[in-house]
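Taking it in order: structure first as structure tokens, then the write-up.
We name chains A, B, ... by the order of the sequence lines, and we start the count at 1 in each one.
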Amino acid sequence: MVEIQLTNTRSRSKERLVPIDPQNLRMYLCGPTVYDRAHLGNARPVVVFDVLYRLLRHVHGARHVTYVRNFTDVDDKINAAALARQQQGDSRPLEELIRERTEETIGWYHADMDALGALRPDHEPRATDYIPQMIAMIEDLVAKGHAYAAEGHVLFDVRSFPEYGQLSGRSVDDMIAGARVEIAPFKRDPMDFVLWKPSDAELPGWDSPWGRGRPGWHIECSAMSEALLGRSFDIHGGGIDLQFPHHENEIAQSCCAHPHDEFARIWLHNEMLQVEGRKMSKSLGNFFTVRDLLDQGIPGEVIRFVFLMTHYRKPMDWTADKAREAEAVLRRWRGLVAGIEPAASPAHAVVAALADDLNTAGAIAELHRIAEAIRNPDAMPDDLRQLADGDALELNRIFLASAGMLGLLTDALGGWIAPAPDLSPLAARMQMLRAEAKASKDFSAVDALKTALTEAGVEVRMTAQGVELLPSAGFDASRLPQ
RNA sequence: GGCGGGUUGGCGGAGAGGUUACGCAGCGGAUUGCAAAUCCGUGAAGACCGGUUCGAUUCCGGUACCCGCCUCCA
């Protein structure tokens with residue numbers, strides 16, 4: 001079996017993935033707060049963990065992997081958005097507005113992540129469905145002396161957990177020294193964080209031992225991961241910005257509630273995304289959602305490929321140039337596998353690259369090597385010649401199966417390649433004009449047709465055998481010459 | 001102020017203490033009526049300063065610059 005190595009943020013080193021239960025490998029990814037369209041940065045962990053999910057399913061069997069990604073549907077940003085709509089004259093109750101907005105946002109999220117070729121997780125729990133579990137966990141933390149109630153809030157006592165700060169490499173004292181935050185007066189320690197907070201009559205709330213209120217942000221992941229994956233599971237992930245405070249606080253909650261369990265064994269974090277070399281932000285005007293890109297006509301598969309060009313632990317820069325390059329490569333690769341069924345197994349080298357801390361760039365390099373061998377069989381390296389096993393198309397099938405490990409060249413993502421219209425009449429006409437031109441030495445008519453075709457995004461190939469016309473980048477059927 | 005990450009050829013971007021990464025673009029050639037596509041060939045790197053080593057782009061230390069987190073954030 002392929003040995004999978006992953007960089008564990010906690011140890012800051014590459015570690016072998018040793019499943020707690022080989023029959024059920026479990027991973028949890030922190031999902032979106034559902035108040036707006038997912039921006040491009042939200043999509044990076046989704047794609048990264050989708051590749052990991054595919055790898056785990058390949059290595060351990062699809063039945064032996066459980067992937068959970070939550071929806072945070074209780075949050076002050078959601079409340080604020082609903083309140084704003086009320087103030088704009090929507091007379092419906094807040095609860096209804098919130099429900100409508102979260103439902104709508106979840107629908108968008110599914111559509112956008114589907115467009116990137118991300119498989120749906122096995123479970124997508126919503127925080128509001130796990131309020132009783134959260135309350136139970138908070139009660140347990142209070143009982144164990146790790147949390148305390150104050151002015152309708154319940155706070156986690158960070159001083160009760162000596163390991164607090166271990167994941168992110170911070171010490172409580174250092175953080176207090178550098179804190180720029182206003183400190184609530186009812187906190188015992190400035191770093192104590194909220195497990196539960198009171199809701200007034202306006203805001204969503206649930207009855208609890210501390211009065212009507214709503215959960216703090218971090219407790220949901222502790223409660224839902226326990227409910228769906230158990231008290232110990234294999235992988236917990238998210239963007240590096242979640243390392244502190246979110247994941248640090250999850251560890252504090254879960255490990256204090258269940259001191260004899262491991263909680264998450266490996267912590268995986270992807271680095272941030274930039275746009276044209278700068279942080280994506282609304283103020284810089286370079287903020288955009290996945291949907292914005294899709295609407296601009298950038299295929300989801302192209303977005304996915306650009307993500308995978310960069311290792312997940314490095315900052316990734318989204319640029320128009322990369323999107324162009326990715327599109328050109330994918331267009332060529334799709335040409336190699338048109339009408340081909342995938343082989344039963346991907347190339348080992350591709351799996352090996354991914355198993356080495358999700359080296360997607362290395363896997364892509366390997367795909368390039370195979371693609372080159374398909375295009376130029378005479379120069380085929382020995383290892384690929386063995387793989388091909390004398391069957392002219394076997395390498396194409398292996399190539400397709402290997403790309404599938406990255407979620408590329410799948411049927412689901414192939415829609416952007418325009419179904420080729422019948423260009424043969426144009427090809428025949430061109431062939432005729434060309435034959436005449438060869439006799440008359442006047443090539444102006446054939447050149448004019450060639451130019452028109454090129455401008456419509458058609459690649460013109462004239463060979464001794466005839467004329468071949470292929471739709472290529474920027475193909476636009478409406479601009480075809482009549 | 002505290003913590004963390006990064007710096008590789010024109011661009012993108014990996015691995016490995018010593019032998020070609022890879023892709024895109026470029027250049028030369030073949031091919032073509034001219035192109036395109038394809039094929040053959042080819043140049044180009046490791047921020048800076050030290051250290052370890054027979055040998056470092058790869059390990060260690062420092063400097064500079066960039067980015068992120070510390071407040072909602074993937």
Report the base-pairing partner of [N] (Watson-Crick or G-U wobble, both distances below 3.5 angstrom), or none.
| N | answer |
| --- | --- |
| B:U53 | none |
| B:C3 | B:G68 |
| B:U31 | none |

Could you walk me through whether A:His110 and A:Phe71 pass the ring pair (Phe, Tyr, Trp, His ring centres under 6.0 Å) check? CA-CA 11 Å; A:His110 276 145; A:Phe71 284 117; 5.6 Å; yes
Both conditions, 6.0 Å and 45 degrees, for the charged tip of A:Arg170 above the ring of A:Phe244: are they met here?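 Judged by the rule, A:Arg170 and A:Phe244 form a cation-pi pair.
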On a whole-Å scale, what distance lies between the [atom1] atoms belonging to [N] and [M]?
| N | M | atom1 | answer |
| --- | --- | --- | --- |
| B:G15 | B:G6 | P | 11 Å |
| B:G46 | B:U38 | C1' | 33 Å |
| B:G68 | B:A74 | C1' | 12 Å |
| B:U32 | B:G13 | C1' | 35 Å |
| B:A36 | B:C27 | P | 11 Å |
| B:A25 | B:C11 | P | 16 Å |
| B:C59 | B:G18 | P | 11 Å |

On RNA chain B, nearest-nucleotide positions of A:Thr463 versus A:Arg332: which is more 5'? A:Arg332
Assign each of A:Gly31 and A:Asp356 to its nearest nucleotide of RNA chain B by heavy atoms, then name whichever residue's nucleotide is nearer the 5' end.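 Its nucleotide being nearer the 5' end, the pick is A:Asp356.
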Within the structure shown, what part of the strands sits under 4.0 Å from [X] by heavy-atom distance: base, sugar-phosphate, or nothing?
| X | answer |
| --- | --- |
| A:Lys314 | sugar-phosphate |
| A:Thr310 | sugar-phosphate |
| A:Arg44 | nothing |

Supply the atom-to-atom distance A:Leu358 CG to A:His311 NE2, rounded to the nearest 0.5 angstrom. 7.0 Å
Would you kindly check whether a donor in the side chain of [X] faces an acceptor in the base of [N], or vice versa, at under 3.5 angstrom?
| X | N | result |
| --- | --- | --- |
| A:Lys322 | B:C24 | no |
| A:Asn359 | B:G15 | no |
| A:His39 | B:A74 | yes |

Using whole Å, what does the distance between atom P of nucleotide B:C22 and atom CG of A:Leu367 come to?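 Nearest whole value for this atom pair: 15 Å.
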Rounded interatomic separation in angstrom, taking CD from A:Gln5 and P from B:A14: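 In whole Å, B:A14 P lies 18 Å from A:Gln5 CD.
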Side-chain atoms of A:Met462 come closest, of B:C39, B:G33, B:A74, to B:G33
Quick one about A:His269 and A:Thr9 (side-chain donor to acceptor, distance below 3.5 Å, no hydrogens or angles considered), yes or no? yes
Centroid separation under 6.0 Å, is that true for the rings of A:Phe193 and A:His218?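 So the answer is yes for these two rings.
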For A:Asp189, does its backbone N or O pair with a side-chain atom of A:Asp192 as donor and acceptor, under 3.5 Å?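 Here the side-chain-to-backbone pair exists.
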